[in-house]
Enquirer: 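Input: one structure, supplied below.
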Amino acid sequence: MATNHKQLVTLTAATGHIASVAAELLLKKGLRVRAVGRSAARLGALKAKGAEPFEGSVDDASAMTKAFEGASSVFLLIPPNLAAADGRAYQNKVGEALAKAAKSAGVKHVVFLSSIGAHMKEGTGPITGLYDMEQRLNAMPLAVDHLRPVYFMENHLNGIGVIKGMGIFGSPMGPDHAFPQIATRDIGLVAAEKLAAGDKAKGQTVTELFGPKEYSMAESTKILGAAIGKPDLKYVQFPYDDAKKAMLGMGISPSVAGSFIEMYRAFNEGKVGSTQKPGPGNRGKTTLEEFAKTVFKPAFESKAPAAAH
Ligand SMILES: NC(=O)c1ccc[n+]([C@@H]2O[C@H](COP(=O)([O-])OP(=O)(O)OC[C@H]3O[C@@H](n4cnc5c(N)ncnc54)[C@H](OP(=O)(O)O)[C@@H]3O)[C@@H](O)[C@H]2O)c1
């Protein structure tokens with residue numbers, strides 16, 4: 001059988017916002033890409049572009065071992081499980097399976113999709129599970145690049161239902177505090193760059209990833225509203241209890257809903273700070289205005305989109 005000597009990169013969450021962008025870029029660079037997801041049908045688009053689809057769940061260590069075998073770099077992401085009875089325990093179950101698989105497959109380099117605030121052990125909701133994973137990976141004998149992006153612009157897509165149903169834009173985030181936001185495409189660009197390093201990657205790095213500028217929710221609402229022909233769209237901050245009730249009504253577990261509220265509170269109280277300064281090297285280029293036109297408007301005009309958390 002012929003051996004394929006091209007550098008292989010395996011990406012978990014390959015159908016997701018970030019890994020799908022990174023996978024395409026790596027294919028364009030001429031690397032081999034193994035794309036992991038739960039459904040062959042959803043992996044079809046990447047397969048058509050030349051990726052090797054790999055069906056498996058990230059909590060299955062033996063499947064992930066096979067997925068990681070032969071890869072010079074692996075992209076790891078802990079996907080949200082909104083129904084988890086204990087959100088952090090679920091994140092740790094997935095984290096342990098991925099770490100075990102990386103060890104069994106002899107992985108030498110990991111790029112981990114973490115989050116801003118992952119230097120803090122407690123008080124930040126779902127970000128605490130990413131803190132746990134960073135620590136787990138740091139204790140392993142491999143090179144690891146932790147990417148810590150700020151608030152995804154894609155989170156705004158979760159508000160489309162409220163705009164359509166109630167004629168307002170809202171979330172538990174306060175209206176006036178400007179905070180950094182990044183388009184997931186810009187995270188994918190950095191992930192691809194780090195993954196391409198393969199065997200040359202050394203040590204442990206942390207890169208906080210910011211957007212081109214900071215926006216408050218009131219400003220964000222103006223920008224998003226203008227893009228969908230609603231320049232007078234109003235922003236309403238939802239009280240934590242109402243937001244939690246709404247999440248429970250959508251089938252989100254009490255643990256995960258409580259954890260999101262803890263995260264919103266931490267953002268509003270300024271507790272999710274950065275440890276690095278934003279600058280040309282760690283700011284995405286996509287502005288919220290551009291995101292509003294190219295992603296938010298088409299999503300608003302088609303259907304209620306999938307959530308990003
Ligand atoms: N939202 C934010 O502002 C923010 C900020 C910083 C960090 N983060 C972190 O970003 C990460 C995810 O972001 P996202 O929601 O945008 O995700 P995403 O990149 O869209 O990735 C989710 C993907 O994971 C796959 N997946 C889900 N469960 C799986 C399983 N059991 N086994 C294998 N694959 C599975 C899904 O693909 P299939 O359905 O095809 O299997 C889905 O496409 C989270 O760790 C979050 O904490 C988010």
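All values below were derived from every heavy atom in this structure, side-chain atoms included, with hydrogens, water molecules and symmetry-related copies excluded. Counting from 1, the numbers follow the sequence of the chain as shown. Every value quoted in this text rests on a predicted model; they were computed, and no experiment measured them. Just follow the structure's listing: the first ligand is 1, and inside any ligand the first atom is 1.
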Enquirer: Show the atoms of ligand 1 that are less than 4.0 angstrom away from any heavy atom in N155.
Expert: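 Counting from 1, the qualifying ligand atoms are 1 (N), 2 (C), 3 (O).
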Enquirer: With nothing but distance in play, are any N or O atoms of G16 less than 3.5 Å from an N or O of ligand 1?
Expert: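 Between G16 and ligand 1, an N or O pair is found under 3.5 Å apart.
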Enquirer: Between E55 and R38, does any side-chain N to carboxylate O distance fall below 4.0 Å?
Expert: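 R38 and E55: not salt-bridged.
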Enquirer: Mind checking whether Y151 and F179 have ring centres under 6.0 Å apart?
Expert: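 Ring-ring flag for Y151/F179: true, centres closer than 6.0 Å.
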Enquirer: Compute the minimum heavy-atom distance from D59 to ligand 1 and say whether it is under 4.0 Å.
Expert: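 No, that is not the case, since the closest heavy atom of the residue is not under 4.0 Å from the ligand.
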Enquirer: Measuring from atom OG of S73 to atom CG of L195, what distance do you get when rounded to the nearest 0.5 angstrom?
Expert: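 Here the rounded value is 5.5 Å.
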Enquirer: Hey, does S114 come in under 3.5 Å of ligand 1, counting only N/O atoms on both sides?
Expert: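 No, S114 has no N/O under 3.5 Å of an N/O on ligand 1.
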Enquirer: May I ask you to say whether K293 pairs ionically with E289, meaning some side-chain N is under 4.0 Å from a carboxylate O?
Expert: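 Salt bridge between K293 and E289, a charged N being under 4.0 Å from a carboxylate O: no.
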Enquirer: Polar contacts were defined as any N/O atom of the residue lying under 3.5 Å from an N/O atom of the ligand; does this apply to I116 and ligand 1?
Expert: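 Not met; the criterion fails.
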Enquirer: Which option wins on minimum heavy-atom distance to atom 44 (C) of ligand 1: I78, T15, N81?
Expert: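 Among I78, T15, N81, the closest heavy atom to atom 44 (C) of ligand 1 comes from I78.
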Enquirer: Between R88 and D132, does any side-chain N to carboxylate O distance fall below 4.0 Å?
Expert: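 Looking at D132 together with R88, the answer is yes, because their closest N to O distance falls below 4.0 Å.
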Enquirer: For atom 32 (N) of ligand 1, which of V58, L98, V150 has the closest heavy atom?
Expert: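 The residue whose heavy atom sits nearest atom 32 (N) of ligand 1 is V58.
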Enquirer: Should I127 be listed as contacting ligand 1, given a heavy-atom distance under 4.0 Å as the test?
Expert: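 Flag not set, I127 not near ligand 1.
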Enquirer: Show me which atoms of ligand 1 lie under 4.0 Å from any heavy atom of L113.
Expert: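 This gives 9 (C), 10 (O), 11 (C) as the contact atoms.
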Enquirer: Does this structure show an ion pair linking K66 with E52, if we count only N-O contacts that are shorter than 4.0 Å?
Expert: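 Result for this pair is no, no salt bridge flagged.
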Enquirer: Return the CD1 to NZ distance between I182 and K285, rounded to the nearest 0.5 Å.
Expert: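 Interatomic distance, I182 CD1 to K285 NZ, rounded to 0.5 Å: 11.0 Å.
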Enquirer: Would you give the length of the straight line joining atom CG of L130 to atom OG of S114, rounded to the nearest 0.5 angstrom?
Expert: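 Going from CG on L130 over to OG on S114, the span is 5.0 Å.
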Enquirer: For ligand 1 and R38, I'd like to know whether there is a polar contact (N/O to N/O, distance under 3.5 Å).
Expert: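 N/O-N/O distance below 3.5 Å exists for this pair.
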Enquirer: Among V107, V94, L76, L98, find the residue that satisfies the side chain to side chain contact (heavy atoms under 4.5 Å, CB included) test when tested with M64.
Expert: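 When side chain to side chain contact (heavy atoms under 4.5 Å, CB included) is applied between M64 and each of V107, V94, L76, L98, only L98 qualifies.
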Enquirer: With respect to Y151, determine whether any N or O atom, backbone or side chain, lies less than 3.5 Å from an N or O atom of ligand 1.
Expert: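 By distance alone, the answer is no.
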Enquirer: With heavy-atom distances below 4.0 Å as the criterion, list the atoms of ligand 1 near P79.
Expert: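 Those qualifying, in numeric order: 24 (O), 26 (N), 27 (C), 28 (N), 29 (C), 35 (C).
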Enquirer: Answer with yes or no whether G56 contacts ligand 1, where contact means a heavy atom under 4.0 Å from a ligand atom.
Expert: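 Yes.
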Enquirer: Short list, please: which atoms of ligand 1 are under 4.0 Å from a heavy atom of I18?
Expert: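 What qualifies from ligand 1 is 19 (O).
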Enquirer: Has K213 got more than 12 heavy atoms of other residues, nucleotides or ligands less than 6.0 Å from its NZ?
Expert: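 Yes, the 6.0 Å shell around NZ holds more than 12 heavy atoms from other groups.
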Enquirer: If we only count N/O pairs under 3.5 Å, is P80 in contact with ligand 1?
Expert: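 No; every N/O pair is 3.5 Å or more apart.
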Enquirer: Taking only heavy atoms of P149, which atoms of ligand 1 are found under 4.0 Å from at least one of them?
Expert: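 Near P149, meaning under 4.0 Å from one of its heavy atoms, ligand 1 has 6 (C).
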